[in-house]
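Remember, predicted model here, so these are calculated numbers, not experimental data.
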Amino acid sequence: MKTMPFSFKAFKLSQDWFATCLHKCLKEKALRPGKQVHATLFTSGIDINVWSLNSKLVGMYASCGDVRSARLVFDKIQNPNVFAMNWMVLACTFNGYYEEAIGYFCLMQKLGNVGNEFTFSILLKTCVGLMDVKKGKEVHALGKKVGFEDEVSVSNALIDMYCKCGEVCYAQRVFDRMVKRDVATWTSMICGYCNIGKTGQALVLFERMKLEGLEPNDFTWNAMIAGYARGGDSIGAFALFSRMTREGLVPDMVTWNAMISGFVQSQQAGEAFKLFRDMLVSGIKPNHVTLTGLLPACGLTGSIQRGREIHGLMYRMGLGINIFIASAIIDMYSKCGSVKNAQNVFDRIPVKNIASWNAMIGCYGKHGMVELSIQLFERMQEEGMQANEVTFICILSACSHNGLVEEGLKIFRSMKESYGIEVGKEHYACVVDLLCRSGRMLEAYELVKEMPIEVPDSIVGAFFNGCKIHGRKDLAKMMAQDILNMELKKPGGYVTLSNIYAADGDWEEVENVRKMMKESNNHKKPGYSWLEKMNLLERKEKVMKVRKGKVMKVRKEKVMKVRKESESERESEGKERESVKVRKRK
DNA sequence: GCAGATTCTT
């Protein structure tokens with residue numbers, strides 16, 4: 001906004017001049033100059049209601065994200081037009097005031113204005129924000145009634161809304177009915193399929209789109225590549241990535257990011273680093289997402305050197321204050337075995353968020369410093385930060401790995417009562433592990449039985465393993481019986497049980513379980529139906545959990561490996577320092 | 001003049 005014509009000599013006190021200035025501020029999302037224009041407008045005495053400046057003012061504030069100022073201006077408008085009201089709905093939606101956005105829409109209806117196609121596109125976004133398909137359907141019906149359903153923009157928004165709310169079938173129905181489709185239409189539909197893991201279906205659409213003469217753009221390629229990467233198919237993702245470059249297209253930053261984090265998520269740290277280098281060579285500047293995506297690769301291989309390089313790069317890029325990277329860096333140092341570096345980064349974060357606290361609490365826990373973990377947990381609350389589920393996973397696993405049975409149990413019991421946090425699978429897993437490690441098998445048994453949620457295989461496995469170690473075959477048998485009697489919340493119990501016996505080499509029991517399975521005709525239900533119905537939030541959680549699971553699995557090995565490495569590193573560093581000292585003395 | 005799809009930490 002340096003080019004704003006703020007030369008007051010050339011000041012033309014006309015509404016045209018104000019309109020041009022406001023438009024420019026709106027386009028460039030420049031709040032401060034916009035406020036200056038507003039102030040000048042105010043002192044000039046021009047009535048914003050006489051000219052159409054009112055909606056432009058609202059638009060300027062809305063586009064800059066200043067909802068409060070937009071609202072203040074809006075309230076002074078005598079007869080708000082569609083534009084002003086659309087801007088209000090938009091501003092409220094983009095800033096999370098979904099209910100208020102709907103309020104403005106209702107006001108619009110009350111004033112006898114049905115709105116236009118943009119009103120409906122924005123309103124559908126509001127429904128996405130609320131994750132409310134029911135409202136989305138209402139908007140759909142209303143839009144149909146007033147005849148906006150055939151607008152490409154509205155149909156696109158409908159597809160987007162249905163996909164994000166987990167109703168891909170409805171999205172497909174809207175898609176099929178469309179007479180004219182643009183790139184965004186296809187991309188939204190492709191995205192919908194990618195997000196529920198149906199990359200094959202997405203690919204079919206991708207090819208069909210090309211056949212119909214529409215060239216996929218960056219968004220389409222990104223959606224495809226990201227879809228494959230998120231589904232754990234880094235080979236498929238990379239095939240697309242290569243195809244994209246073969247077709248003479250230049251991948252943009254987001255595409256590189258998707259591909260890099262895809263490799264990291266499928267544990268291919270080397271490929272990720274290679275790609276990152278290629279990205280730099282091709283002249284694309286990485287952003288904070290690139291670095292947060294790449295950093296876990298350092299933890300995977302325990303390469304603290306690479307981590308330090310990225311850390312340095314972050315400062316050179318002026319991203320030092322970015323809270324997302326900061327947490328990822330803490331985690332990186334933690335996984336690479338350097339508590340001190342992690343702590344340094346943590347201390348330098350001016351405004352910490354929950355992820356930064358959790359990363360540091362987890363770091364202490366991983367390195368055997370439970371007391372510090374708990375101290376930090378307390379400090380966090382003193383500083384007014386609310387603990388979340390992840391915080392408790394960190395604390396409980398710290399207790400479990402360091403044998404703090406009573407403390408761990410106390411924290412576990414207080415979770416719901418004092419903090420109002422739902423106890424999840426991971427928390428149960430930590431505490432079952434805690435009890436098993438300290439040989440309190442009966443308590444572990446009771447805890448597993450009282451679990452109100454579906455008991456995951458990992459917990460059952462940990463329990464059986466504990467029974468083996470502590471010689472409690474009686475409890476193992478009881479648990480097995482409970483699984484068979486379906487007393488335990490465990491669909492597919494037979495399968496788990498036979499797997500457990502198989503892992504133990506007890507083939508006789510395996511055969512028994514199989515027989516029982518056939519007799520009772522109780523086959524494991526194929527788990528496909530929930531995919532269609534699951535909404536996006538749940539899916540995201542699920543994906544996160546799957547990722548976390550993968551990380552947890554390797555983490556143990558890595559931490560051991562890293563500890564060894566960092567020990568030898570410290571040794572060599574020590575030696576270096578000594579040699580430096582010697583040289584100085586000389 | 002108002003939209004649309006992609007990437008990220010615990």
Side-chain angles (χ1 to χ4, degrees), chain A residues 19 22-23 26-27 52 55-56 58-60 62-63 81-91 93-94 115-125 128 151-161 163-164 182-192 194-195 216-227 229-230 251-262 264-265 286-296 299 322-332 334 352-363 387-394 544 547-548 551:
Chain A
L22 286 174
H23 178 231
L26 186 153
K27 275 280 165 207
S52 66
S55 59
K56 289 192 171 69
V58 174
M60 185 274 294
S63 129
N81 63 9
V82 191
F83 289 120
M85 288 189 278
N86 278 353
W87 273 120
M88 285 318 292
V89 180
L90 181 83
T93 300
F94 279 15
N116 59 15
E117 69 269 30
F118 291 107
T119 321
F120 282 86
S121 319
I122 305 162
L123 211 62
L124 286 165
K125 255 209 146 331
V128 173
E151 288 284 339
V152 181
S153 60
V154 176
S155 298
N156 287 357
L158 275 170
I159 292 174
D160 181 49
M161 185 274 294
C163 283
K164 283 188 174 151
D182 64 6
V183 187
T185 319
W186 290 90
T187 309
S188 299
M189 205 55 240
I190 286 172
C191 242
C194 284
N195 282 338
N217 63 11
D218 276 345
F219 284 103
T220 326
W221 283 101
N222 288 337
M224 288 299 301
I225 291 171
R230 247 180 303 149
D252 67 346
M253 192 224 329
V254 179
T255 315
W256 284 100
N257 290 356
M259 199 54 242
I260 289 173
S261 55
V264 175
Q265 274 155 38
N287 71 345
H288 69 108
V289 179
T290 324
L291 301 192
T292 35
L294 184 64
L295 275 164
N322 187 288
I323 195 94
F324 284 94
I325 312 189
S327 314
I329 296 231
I330 293 173
D331 194 51
M332 179 274 292
S334 162
K352 299 170 179 66
N353 71 357
I354 187 70
S356 12
W357 286 100
N358 288 348
M360 200 59 225
I361 291 173
C363 173
N388 68 1
E389 317 82 60
V390 185
T391 320
F392 283 96
I393 297 173
C394 295
M544 295 304 287
R547 277 185 208 164
K548 225 179 282 161
V551 174

Side-chain N or O of [X] versus OP1/OP2 of [N]: is the shortest distance under 4.0 Å?
X: R230(A); N: dT7(B); result: yes
X: K125(A); N: dA5(B); result: yes
X: K27(A); N: dC2(B); result: yes
X: K164(A); N: dA5(B); result: yes
X: S188(A); N: dG4(B); result: no

Would you classify [X] as touching base, sugar-phosphate or nothing, given that sugar-phosphate means primed atoms plus P, OP1 and OP2, and contacts are heavy atoms under 4.0 Å?
X: S121(A); value: nothing
X: N86(A); value: base
X: S153(A); value: base
X: D252(A); value: nothing

Can you list the residues that meet the side-chain hydrogen bond (donor to acceptor under 3.5 Å, both in side chains) rule with N81(A), with sequence neighbours excluded? none
Can you name the residues that form a side-chain hydrogen bond (donor to acceptor under 3.5 Å, both in side chains) with N156(A), not counting sequence neighbours?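 Applying side-chain hydrogen bond (donor to acceptor under 3.5 Å, both in side chains) to N156(A) gives D182(A), T185(A).
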Spacing of H23(A) atom NE2 relative to dC2(B) atom P, expressed in whole Å: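 Whole-Å distance recorded here is 6 Å.
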Minimum heavy-atom separation for M161(A) to L124(A), with atom names? CG-O, 3.7 Å
Side chains of S334(A) and D331(A): donor-acceptor distance under 3.5 Å anywhere?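 Distance-only check fails for S334(A) and D331(A).
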